[in-house]
Amino acid sequence: MDHGENQVQKEDRETVIRNQRFGLKLFAVYAVTYLLFILCCITSPDLLAATLFLGISNSVVFGFGLILLAIVIALIYGLACRGSGVVSTAAARDAQTQTGSEFKR
Amino acid sequence: MIYEVNYTAVTIFTLIVGLTLWLSVYLAKSATSASGFFAASGGIHWFVNGVAFAGDYLSAASFLGICGMIAFYGYDGFLYSIGYLSGWIVALLVVAEPLKRRGKYTFADALDAAFQSRAIRLSASISTLVVSVFYLIPQMVGAGALVQPLFGLPHWVGVTMVGAVVVAIVMTAGMVSTTYVQFLKGGLLVFFSLILTILILQRGFTVVPESERAARLADQIVEKTTDGRNLINGLPQGRGPGETDLRPVGEVLELPDGATATGPVGPFEFFRILQGSTIALWRGKTVENRTTYSATPTTGKEILRPGNLPALKGIRSEKWADRLNFVSLMLALFCGTAALPHILIRYYTVKDQASARKSTIVGIATIGFFYILTLYLGIGAMTSGAMDVSDNNMAAPLLARSFSNLLFALISAVAFTTVLGTVSGLIIAASGAVAHDLVPLITGRPLVDHAKIKVAKISALVVGLIAIGLGIAFQKMNVNYLVGWAFSVAASANLPALIMALFWSRATWQGITASIMVGMVSALAWILLSGDTFKDVYGLAADQSWIPFSQPGIVTIPLSFLTLILVSLLTTNTRKSVL
């Protein structure tokens, strides 16, 4: 089992910034949904006890929904970031992790 | 309850432990350099790393604690599942890729990349040790809870066994063996949880017969004698003549339309039937040395409403402080995942940021799927007629026993492996913090590769011994509740520093250091002075505490952010770069 040097894919600055912005937008969507769920728990317990979908309690629907939303968001992010970046070597990776300053301002 | 030794479980567990130790020895040659020992030389495939994320993250708290909470209190346990998973969104979309770009072996690497500050490295390594030890406690308690039915041995033996095996795994091949143990464990856990869920749906619900109802719903009284023995309903606890034991519990009292059994049910029908049913939920009330367990008929609708768990009863309270306690917990779970050092270091085991991203997505899918299953497992245990009324951590293995002894053996062994995987990750995170960050600070010069690995191995041994001691001391606490504390400390100490170091160009080393220390100390102080700790740890009345609610996150996370901003604005920025 080889755990030695391997080729790394270093993404360019524009790709990194684009991915980051898209990621933060998706994060905002999830964070707001999560917050609404928490607020629903403490302010509208009757809404959680009601059944709106398939005759199942909203508490279960919302809970499963939040978990599935996380998976969907992760997949969307993964697909959106697919194919970006350029190939470089392990040496480039080592250099950047040691300096931590690959993107100078 | 008294458990008989299950030799099948012992055999399966011994085989799994043997396999993990063999794997560790086999992989030892891959961990002869510091890069190999701490980060598997960045050579782990993203899919393996993704499943290993699940193996690292799905701890005893997730499997034993959440299933137990749902089995005894209903939906509230599932709130933990939701919160634990939500944190992965922060990890994927905010932290994963910049952390991978900046770090090498430890959480402190990423924080310190732009500053080269001794203060940041020191505070981050202390925080890593504190969070790892806090997180280790529930894992070790879970190990002890499992060893009783598995081996028929006392709690402390289980804790010591896990500690010894894990230290051996970490000392032989570091992150390489830890990764493959976690991969194995993550895969096994999800697979067997799925099998259990299918069996639960196949079995459906069955009402306890009228003729047995009085006997099965009678109160159960446990009394501790002065010489340390237990009396059950006035008789000595045991299996011999003149002795008795606690009855297993978990009764369905009514089904919709007066049915007595449902037969196999679908995954949605399962909840529809539960909503129209009545279940006996068992509660214990302790007065001095006497605990009385009583059954309370509870409707399915009530079971699926949040607010039954004592720690979360504030959801339904009229007091804002009680509601804030719940919000605070959910905030800590949301922010905590991306701040756990043993999770963060897994980003260094893959080759690049694309692999870090892909492995997180695999991790989220695996972990999310498992958490959906926890609701079925918990309710399945609640209605299984097999639970130990005195120990909710045993709900999942006992649910398996209600199907067959072989499944019980398999699930117990998998649960034990669950503990091994998580504890390995925690110990390697802690030993990395000592060898890579702390010791070079103390000695004033970086360690060479060989010395770094040696120090890491010694640290692994010491942390393992500490974990064993704490696992024995905290035996009686629910493992999931303890993990909630670890999340609060991690979210308060690490996340604000990490986010601001990565994304705020005006952050200074002084601000980051102050943020970590203030977040860590304030969260710890809040927890130690909270009503829950007064009651569960000090044995005092909860209302003697002057802390308004027990979960610190909603106060200490913003406090940590605020500290970082204020101190940074008051000091000079010396950072080299920001992204």
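In what follows, every chain begins at residue 1, and chains take the letters A, B, ... in the order their sequences are listed. Note that these values count all heavy atoms, side chains included, but never hydrogens, waters or copies made by symmetry.
No other option in A:Asn58, A:Ile67, A:Leu26 has as many heavy-atom pairs under 4.5 Å with chain B as A:Ile67. The greatest number of non-hydrogen atom pairs below 4.5 Å with chain B, out of A:Phe27, A:Phe62, A:Tyr34, is found for A:Tyr34. In terms of non-hydrogen atom pairs under 4.5 Å with chain A, the most contact-rich of B:Leu331, B:Val327, B:Ile372, B:Leu92 is B:Ile372. Among A:Gly55, A:Pro45, A:Gly78, the residue making the largest number of heavy-atom pairs under 4.5 Å with chain B is A:Gly55. Among the candidates B:Pro306, B:Ala365, B:Ser86, the residue making the largest number of heavy-atom pairs closer than 4.5 Å to chain A is B:Ser86. Among the candidates B:Thr349, B:Ile315, B:Ile367, the residue making the largest number of heavy-atom pairs closer than 4.5 Å to chain A is B:Ile315. Ranking A:Ala49, A:Ala31, A:Ser57 against chain B, the residue ahead of the rest is A:Ser57, based on heavy-atom pairs under 4.5 Å. Interface check for chain A: of the options B:Trp88, B:Phe334, B:Phe369, the most heavy-atom pairs under 4.5 Å are formed by B:Phe334.
Looking at A:Tyr30, the atoms closer than 4.5 Å to chain B (heavy atoms on both sides) all sit in the side chain, from C-beta outward. Only the side chain of A:Phe37 comes within less than 4.5 Å of a heavy atom in chain B; its backbone stays farther off. Contacts of B:Leu79 with chain A are made by side-chain atoms alone, with heavy-atom separations under 4.5 Å and no backbone atom involved. Proximity to chain A (any heavy atom under 4.5 Å) is restricted, for B:Phe326, to the side chain, taken from C-beta onward. For A:Leu39, no part sits under 4.5 Å from any heavy atom of chain B, backbone or side chain. For B:Phe270, no part lies under 4.5 angstrom from a heavy atom of chain A. For B:Leu375, the part sitting under 4.5 Å from any heavy atom of chain A is the side chain, from C-beta outward, and nothing else.
A:Phe64 and B:Phe271 have perpendicular rings, their planes meeting at more than 60° on a 0 to 90° scale where under 30° would count as parallel.
Put simply, CD1 on A:Ile73 and CD1 on B:Ile364 are 9.0 Å apart, with the number rounded to the nearest 0.5 Å. Atom CG in A:Leu48 sits 10.5 Å away from atom CG in B:Leu304 (nearest 0.5 Å). Separation of atoms CZ (B:Arg305) and CG (A:Asp46) is listed at 6.0 Å; rounding is to 0.5 Å. Rounding to the nearest 0.5 angstrom, the gap separating the OG atom in A:Ser59 from the CD atom in B:Gln275 is 7.5 Å. To the nearest 0.5 Å, atoms CG (B:Leu93) and CD (A:Gln20) are separated by 11.0 Å. Taken to the nearest 0.5 Å, the CD1 atom of A:Ile38 stands 5.0 Å off from the CE atom of B:Met330.
Looking at heavy atoms from C-beta onward, A:Thr51 lies out of side-chain contact with B:Arg272 at the 4.5 angstrom threshold. Side-chain atoms of A:Asn19 and B:Glu97, non-hydrogen and from C-beta on, do get closer than 4.5 Å to each other.
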